[in-house]
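Heads up: the structure comes next, in structure tokens.
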Amino acid sequence: MGGIVNVITKNAYFNSSIYFNGSINAGYNSVNELFTRKLTFKSGSKKWYASLSGSMRDAENVNTPEGAILNSQFEDKSISASLGLKVKE
């Protein structure tokens, strides 16, 4: 069994009152035992907004009917951040 999850995220934004939200996402793909996980945090107010997210993926060799594809395993990590400020209204 395998599959893809398409996650569409919204950007952080200015808001009349302060807000905080976050999400945790995870996924699995059996063809190479790919395991993904992502954590996102967003906050904002009238004059600022911020977003921080990080993800990790790791996979084994891809398995085919003819056998494993050697050296196709991988591991990666990523982090991203954004910040917005209103200087004048």
For side chain to side chain contact (heavy atoms under 4.5 Å, CB included), just list the numbers for Ser55 and Lys77, CA-CA rounded to whole Å, side-chain angles, deciding distance to a tenth of an Å, and then say yes or no.
-> CA-CA 6 Å; Ser55 66; Lys77 299 173 179 81; over 6 Å; no
[atom1] of [X] to [atom2] of [Y]: how many Å apart, nearest 0.5 Å?
X     : Y     : atom1 : atom2 : result
Asn61 : Gln73 : CG    : CD    : 4.5 Å
Leu39 : Met56 : CG    : CE    : 10.5 Å
Ile18 : Lys47 : CD1   : NZ    : 14.0 Å
Ser45 : Asn15 : OG    : CG    : 8.5 Å
Tyr19 : Lys42 : OH    : NZ    : 8.0 Å
Leu34 : Glu75 : CG    : CD    : 11.5 Å

Can you check side chain to side chain contact (heavy atoms under 4.5 Å, CB included) on Ser23 and Asn25, steps first, answer last?
-> CA-CA 7 Å; Ser23 64; Asn25 300 305; 4.0 Å; yes
Within 6.0 angstrom of Ile24 CD1, more than 12 heavy atoms from elsewhere |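 Open.
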Write down the atom of Ala50, the atom of Ala12, and the distance for their closest heavy-atom approach.
-> O-CB, 3.5 Å
Step by step, would you call Leu52 with Ile79 a side chain to side chain contact (heavy atoms under 4.5 Å, CB included)?
-> CA-CA 8 Å; Leu52 177 65; Ile79 189 166; 4.2 Å; yes
Cationic N near anionic O, under 4.0 Å, Asp58 to Arg37 = yes
May I ask you to decide if Ser82's main-chain N or O and Ser51's side chain share a donor-acceptor pair within less than 3.5 Å?
-> no
Same cluster or not: are Val31 and Phe74 linked, directly or through other Ile, Leu, Val, Met, Phe, Trp or Tyr residues, by side-chain heavy atoms under 4.5 angstrom apart?
-> no
What orientation do Tyr49 and Phe14 show, parallel under 30°, tilted 30 to 60°, or perpendicular over 60°?
-> perpendicular
